[in-house]
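First the structure, in the form of structure tokens, and then the observations on it.
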Amino acid sequence: MPASDPGTLSPAERYARSRARGGKPLLDAFAARIDFGLDAFQIEACGALEGGDSVLVAAPTGAGKTVVAEFALFLAMQQTRAKVFYTAPIKALSNQKFQEFTAEYGADNVGLLTGDTNINASARIVVMTTEVLRNMIYADSDLLTDLAYVVMDEVHYLADRFRGAVWEEVIIHLSSEVRLVSLSATVSNAEEFGDWLQAVRGETSVIVSEERPVPLDQHVLVRSKLIDLFDATGKAATNRVNPELLRIARNSIPHNPSRRGSRDRRGGGSYHRGGAAQERADRPEVIDMLDRQNLLPAIFFVFSRVGCDQAVKQVLRAGIRLTTADERDEIRDIVEERCRTILDEDLAVLGYWEWLEGLQRGVAAHHAGLLPAFKEVVEELFQKKLAKVVFATETLALGINMPARTVVLEKLEKFNGEARVPITPGEYTQLTGRAGRRGIDIEGHSVIQWREGLDPQAMASLASRRSYPLNSSFRPTYNMAVNLIEQFGRARTRDSLESSFAQFQADRAVVDLAQKLRSQEESLAAYARSMTCERGDFAEYAALRREITDLERSGAGRADSQSRADRDSRAKKINDLRRRLKVHPVHSCPDREQHARWAERWWRLKKETDRLAQQINTRTGAISKVFDRVTDVLVELGYLSAQADGEMTLTPTGRTLKRIYGERDLLVAECLRRQAWENLDPAGLAAMACSLVYEPRREESEGADRFLPRGTFRAALEATRHILDSIQQLEARHRLPEGSPISTGLSLAMHQWARGARLDDVLVDADMQAGDFVRWTKQTIDLLDQLQGQPDARLARTARDALDLIRRGIVAYSSVA
């Protein structure tokens with residue numbers, strides 16, 4: 001339910017809230033600054049933060065989780081030097097938070113680090129992507145000094161199979177003194193995740209809220225009639241399907257059995273009810289109906305970029321206009337201001353005028369293929385209630401602040417890259433979570449468009465379940481291995497990997513044992529310092545005393561059963577040990593017995609620690625076994641050098657690998673070591689870097705190598721592929737999964753862009769939308785930026801020149817710089 005206005009609360013309710021915050025003066029001061037009363041879960045989470053705990057807050061989209069993050073910022077700013085890092089999974093969300101915090105705390109106090117943007121990095125509040133923080137931890141950056149809080153927004157991203165491991169790396173290796181504020185969507189195993197955070201981070205309060213701040217009314221649109229999904233009579237059990245929908249489903253038969261898959265010219269299905277054909281309403285009709293019922297602004301989730309763009313064109317062709325003259329003037333002013341740095345020659349290529357026409361009518365698309373600048377404008381106009389209808393892919397459901405009054409789902413299935421599959425209950429919850437604007441709407445609305453074959457019971461199950469399990473995607477990488485081994489050593493690194501959420505889920509006991517082992521190892525080190533004697537090695541002296549004691553005890557217990565020769569031999573050993581004891585330098589130390597007490601404690605704890613280590617080694621350490629295989633590969637290739645005691649050190653090539661982040665870290669390092677790219681010019685190096693980061697959305701056509709840059713690039717590509725083959729053969733021998741092949745589908749376009757080609761020519765050759773080209777170019781920039789920091793001066797210079805060539809035009813545009 002929406003938070004109550006403090007002014008409308010009864011004296012008893014105000015007393016209850018004050019009591020809940022009792023002893024939390026900073027929370028009271030923070031609450032006084034905001035315009036609405038805090039909800040119970042916000043009070044609980046903020047109170048835990050003020051009490052010194054880390055927190056995990058799992059709540060629905062739009063519930064107000066970020067209030068807890070804002071309180072962490074408030075706490076940090078009450079101290080003289082304390083800093084707070086706000087991490088987000090996507091750059092668009094980072095940019096949004098940077099702008100919000102700058103408005104609140106001033107430009108001097110807020111910074112932004114997203115890989116391709118570096119603003120005020122030493123500020124008290126720094127917004128960054130999670131990868132940037134991970135890299136800081138590995139480099140032991142000075143920017144970590146005085147860090148008090150880290151906010152991990154959308155922490156459920158650690159389930160992402162491509163980037164999720166970064167979240168776990170940060171959580172495991174961040175200093176234990178830093179308080180962690182983890183914000184998550186509602187997940188079904190929040191308590192399990194919280195238990196893991198408690199195990200690896202210490203005191204962590206888990207706050208789970210299932211309550212939406214704005215209630216959600218769920219409907220099915222049959223033709224132009226909105227029918228409640230659930231029975232609203234008040235007589236039925238909760239979440240019972242509306243009987244009217246069941247009747248429609250029973251009476252629904254194909255309009256023409258001989259053409260079962262046919263659709264009308266407007267793309268809709270049809271069904272019979274009582275013998276009369278009922279067509280699906282087309283989009284202009286749906287928008288008109290929503291407008292008449294005061295259910296705009298609305299987001300239509302289409303699950304296809306092409307579908308989003310076609311939907312906008314369809315609506316505009318129908319003459320839809322949802323804005324007033326004053327709103328159109330305001331829209332035009334905002335668009336022109338935000339896009340003024342884009343070259344005129346590029347505007348036509350980007351479809352600027354058609355896009356502007358749609359915006360002025362209140363209609364837009366939002367998907368990853370759009371130029372980032374255009375997406376940001378759509379988001380801003382939607383937040384200002386100027387854009388009334390947005391056709392979006394599901395990426396909009398992740399993170400960006402774009403709540404609507406209504407969410408429309410045209411289908412309940414999507415293409416996952418291989419086949420059309422039903423959306424999951426978790427995805428349904430994320431998508432419909434956009435419905436209902438806190439402080440504006442008294443309820444949100446979700447609308448499922450009826451189509452032939454839908455099962456009302458299945459729809460109800462989808463809409464009523466909240467099963468969104470959070471599963472780890474953590475796996476050790478080559479870069480992770482060399483960074484952690486240099487910082488902590490191999491043994492401690494291996495132990496730390498036992499603390500991953502992946503291992504926690506596989507075997508929760510191993511995490512508890514590993515945490516206890518690390519704690520005892522720290523105690524062992526403290527005991528060792530306490531027994532240190534300036535006259536000599538007290539551990540050696542204590543070992544002599546222990547050996548004498550053991551021999552005396554064993555002799556006393558077996559005196560009757562031993563021969564005279566055995567007794568004489570034991571007595572000789574004891575006398576010899578006593579002579580060695582008396583001449584030991586430590587024997588004459590006046591503090592000898594005090595050292596000895598610490599030595600005894602060390603010995604007892606060492607026995608228990610060895611027992612714990614043995615327990616861990618005998619368990620299923622899936623993550624540490626993969627780590628062992630990774631290190632074996634690195635030793636074989638010469639990135640790590642194995643020592644006699646089992647520890648490992650980095651070689652010069654290992655230090656090169658330390659500074660290479662990404663899916664192909666080892667391949668890049670091997671190409672540098674073998675000088676596979678030495679003869680590339682800047683454009684060729686840009687094309688090569690692009691081939692290593694690019695992931696095609698679909699299979700590239702055969703013969704793609706015909707469309708590659710000429711000259712030295714092809715020889716370098718052949719050498720790179722040969723190196724990749726050798727790495728994959730080595731990984732296969734060490735039972736590691738094989739990586740994907742190099743994708744050259746964008747290499748020629750990147751080469752042309754680096755050589756100054758026009759945007760329209762590049763996009764045609766790439767067969768790619770502007771937003772996709774910008775995204776892949778920025779990932780290419782990330783890799784080139786790593787290469788320019790390598791010790792090979794010639795290659796570093798080529799990488800710098802390549803960066804200068806491709807960082808231009810729409811790629812160089814930034815809304816926050």
Worksheet entry | Test log, rule side-chain hydrogen bond (donor to acceptor under 3.5 Å, both in side chains), inputs Asp785 and Gln788 | CA-CA 5 Å; Asp785 190 51; Gln788 75 165 338; 2.6 Å; yes

Worksheet item: Which pair of heavy atoms, one from Asp153 and one from Thr66, lies closest together, and at what distance?
Response: OD2-CG2, 4.5 Å

Worksheet item: Would one find more than 12 heavy atoms of other residues, nucleotides or ligands at under 6.0 Å from atom CD of Glu718?
Response: no

Discussion item. Test side-chain hydrogen bond (donor to acceptor under 3.5 Å, both in side chains) on Arg664 and Thr720; report intermediate values, then the result.
Written reply: CA-CA 12 Å; Arg664 300 191 187 276; Thr720 303; over 6 Å; no

Worksheet item: Is it true that atom NE2 of His734 has more than 12 heavy atoms of other residues, nucleotides or ligands lying nearer than 6.0 Å?
Response: yes

Worksheet item: Which heavy atom of Pro476 sits nearest a heavy atom of Val626, and at what distance?
Response: CD-CG1, 3.8 Å

Worksheet item: Roughly how far apart are Lys658 NZ and Arg655 CZ, rounded to 0.5 Å?
Response: 8.5 Å

Practice prompt. Determine, step by step, whether Ser743 and Glu695 satisfy the side-chain hydrogen bond (donor to acceptor under 3.5 Å, both in side chains) criterion, reporting the C-alpha distance in whole Å, the side-chain angles of both residues, the deciding distance to 0.1 Å, and the verdict.
Written response: CA-CA 7 Å; Ser743 298; Glu695 296 171 6; over 6 Å; no

Fill in: Working for side-chain contact (heavy atoms from CB on, under 4.5 Å), residues Leu666 and Thr477
CA-CA 9 Å; Leu666 184 57; Thr477 67; over 6 Å; no

Worksheet entry | Chi angles and distances behind the ring pair (Phe, Tyr, Trp, His ring centres under 6.0 Å) call for His173, Phe488 | CA-CA 10 Å; His173 300 296; Phe488 304 117; 5.6 Å; yes

Discussion item. What I'd like to find out is whether the side chain of Leu730 reaches to under 4.5 Å of the side chain of Glu636, using heavy atoms alone.
Written reply: yes

Worksheet item: Where do Leu158 and Ser473 land on the side-chain contact (heavy atoms from CB on, under 4.5 Å) test, with the steps shown first?
Response: CA-CA 7 Å; Leu158 67 76; Ser473 60; 5.6 Å; no

Worksheet item: With distance as the sole test, does Arg124 use its side chain to make a donor-acceptor pair with the main-chain N or O of Ala76 at under 3.5 Å?
Response: yes

Worksheet item: When the ring centroid of Phe374 is compared with that of His366, is the distance short of 6.0 Å?
Response: no

Worksheet item: Taking side chain as C-beta onward, heavy atoms only, is Leu795 less than 4.5 Å from Leu685?
Response: yes

Fill in: side-chain contact (heavy atoms from CB on, under 4.5 Å) between Thr204 and Leu180, worked out
CA-CA 8 Å; Thr204 301; Leu180 200 62; over 6 Å; no

Worksheet item: Of all heavy-atom pairs between Tyr639 and Thr653, which one has the smallest distance, and what is that distance?
Response: CD2-O, 3.3 Å

Worksheet item: Does the salt bridge (Lys or Arg N to Asp or Glu O under 4.0 Å) test come out yes or no for Asp146 and Lys83, once each step is laid out?
Response: CA-CA 6 Å; Asp146 297 320; Lys83 293 160 64 173; over 6 Å; no

Practice prompt. Mind telling me whether Trp167 and Tyr157 have parallel, tilted or perpendicular rings, with 30° and 60° as the class edges?
Written response: parallel

Worksheet entry | Basic-acidic side-chain contact under 4.0 Å: Lys375, Glu379 | no

Worksheet item: Would you call Arg673-Glu670 a salt bridge at under 4.0 Å N-O?
Response: yes

Discussion item. Donor-acceptor pair, distance only, cut-off 3.5 Å: does the side chain of Ser747 make one with the backbone of Leu708?
Written reply: no

Worksheet item: Does Glu647 reach the main-chain N or O of Gly489 with its side chain, forming a donor-acceptor pair under 3.5 Å?
Response: no

Worksheet item: Cut-off 3.5 Å, side chains only: do Asp761 and Gln752 have a donor facing an acceptor?
Response: no

Fill in: Arg305 and Asp772: CA distance, side-chain angles, deciding distance, salt bridge (Lys or Arg N to Asp or Glu O under 4.0 Å) verdict
CA-CA 11 Å; Arg305 298 177 181 188; Asp772 291 318; 2.2 Å; yes

Fill in: Parallel, tilted or perpendicular: rings of Phe501 and Trp196 (30°, 60°)
tilted

Worksheet entry | Short N-O contact, Glu521 and Arg492, less than 4.0 angstrom | no

Worksheet item: So which heavy atom on Leu56 is nearest to which on Ser184, and how close?
Response: CD1-CB, 4.3 Å

Worksheet item: With under 30° as parallel and over 60° as perpendicular, where do the rings of Tyr138 and Tyr661 fit, or are they tilted in between?
Response: parallel

Worksheet item: Can you name the closest pair of heavy atoms from Leu143 and Ser122 and give their distance?
Response: CD2-CA, 3.9 Å

Worksheet item: Does the distance from a Lys or Arg side-chain N to an Asp or Glu carboxylate O, for Glu486 and Arg659, drop under 4.0 Å?
Response: no

Worksheet item: Donor-acceptor pair, Arg201 side chain versus Arg179 backbone, under 3.5 Å?
Response: no

Item to complete: With rounding to the nearest 0.5 Å, note down the distance linking CG in Leu759 to CH2 in Trp753.
Response: 5.0 Å

Worksheet entry | Test item: Gln675 side-chain N/O and Cys671 main-chain N/O as donor-acceptor pair under 3.5 Å | no

Discussion item. Taking the side chain as everything from C-beta on, heavy atoms only, tell me whether Val630 gets closer than 4.5 Å to Tyr478.
Written reply: yes

Worksheet, complete the sentence: Note: Ile172 and Ser500 closest approach over all heavy atoms is CD1-CA, 3.6 Å

Worksheet item: Side chains of Trp677 and Thr798: donor-acceptor distance under 3.5 Å anywhere?
Response: no

Practice prompt. Kindly say whether Ile660 contributes a backbone atom to a donor-acceptor pair with the side chain of Asn479 at under 3.5 angstrom?
Written response: yes

Practice prompt. State, with a plain yes or no, whether a side-chain heavy atom of Thr649 is found less than 4.5 Å away from one of Leu640.
Written response: no

Item to complete: Could you go through the side-chain contact (heavy atoms from CB on, under 4.5 Å) check for Gln769 and His367 one step at a time?
Response: CA-CA 11 Å; Gln769 293 181 298; His367 55 73; 3.7 Å; yes

Worksheet item: When rounded to the nearest 0.5 angstrom, what is the spacing between CG in Asn120 and CD1 in Ile125?
Response: 10.5 Å

Practice prompt. Answer whether the closest heavy-atom distance between the side chains of Gln728 and Asp725 falls below 4.5 Å.
Written response: yes

Practice prompt. Check whether any side-chain heavy atom of Thr87 sits under 4.5 Å from a side-chain heavy atom of Val155, and report yes or no.
Written response: no

Discussion item. To the nearest 0.5 Å, what is the distance between OG on Ser499 and CG on Leu517?
Written reply: 9.5 Å

Item to complete: Drop me the distance from Phe713's CZ to Ser691's OG, to the nearest 0.5 angstrom.
Response: 5.0 Å

Discussion item. I'd like to know whether Gln505 forms a side-chain hydrogen bond (donor to acceptor under 3.5 Å, both in side chains) with Ser472, so could you lay out the CA-CA distance, the side-chain angles of the two residues, the decisive distance to 0.1 Å, and finally the verdict.
Written reply: CA-CA 8 Å; Gln505 291 187 306; Ser472 172; 5.1 Å; no

Practice prompt. Check for a donor-acceptor pair, side chain of Thr114 on one end and backbone N or O of Thr129 on the other, with a separation under 3.5 Å.
Written response: no

Discussion item. Any salt bridge linking Arg163 with Glu131? Criterion: basic side-chain nitrogen under 4.0 Å from a carboxylate oxygen.
Written reply: yes

Practice prompt. Give me the one residue out of Met128, Met152, Glu100, Lys97 that meets side-chain contact (heavy atoms from CB on, under 4.5 Å) with Tyr86.
Written response: Lys97

Discussion item. Does this structure show an ion pair linking Asp628 with Arg490, if we count only N-O contacts that are shorter than 4.0 Å?
Written reply: yes

Item to complete: Find the distance between CG (Leu343) and CD1 (Ile810) and round it off to the nearest 0.5 Å.
Response: 10.0 Å

Worksheet item: Is the shortest side-chain N to carboxylate O distance from Asp681 to Arg755 below 4.0 Å?
Response: no

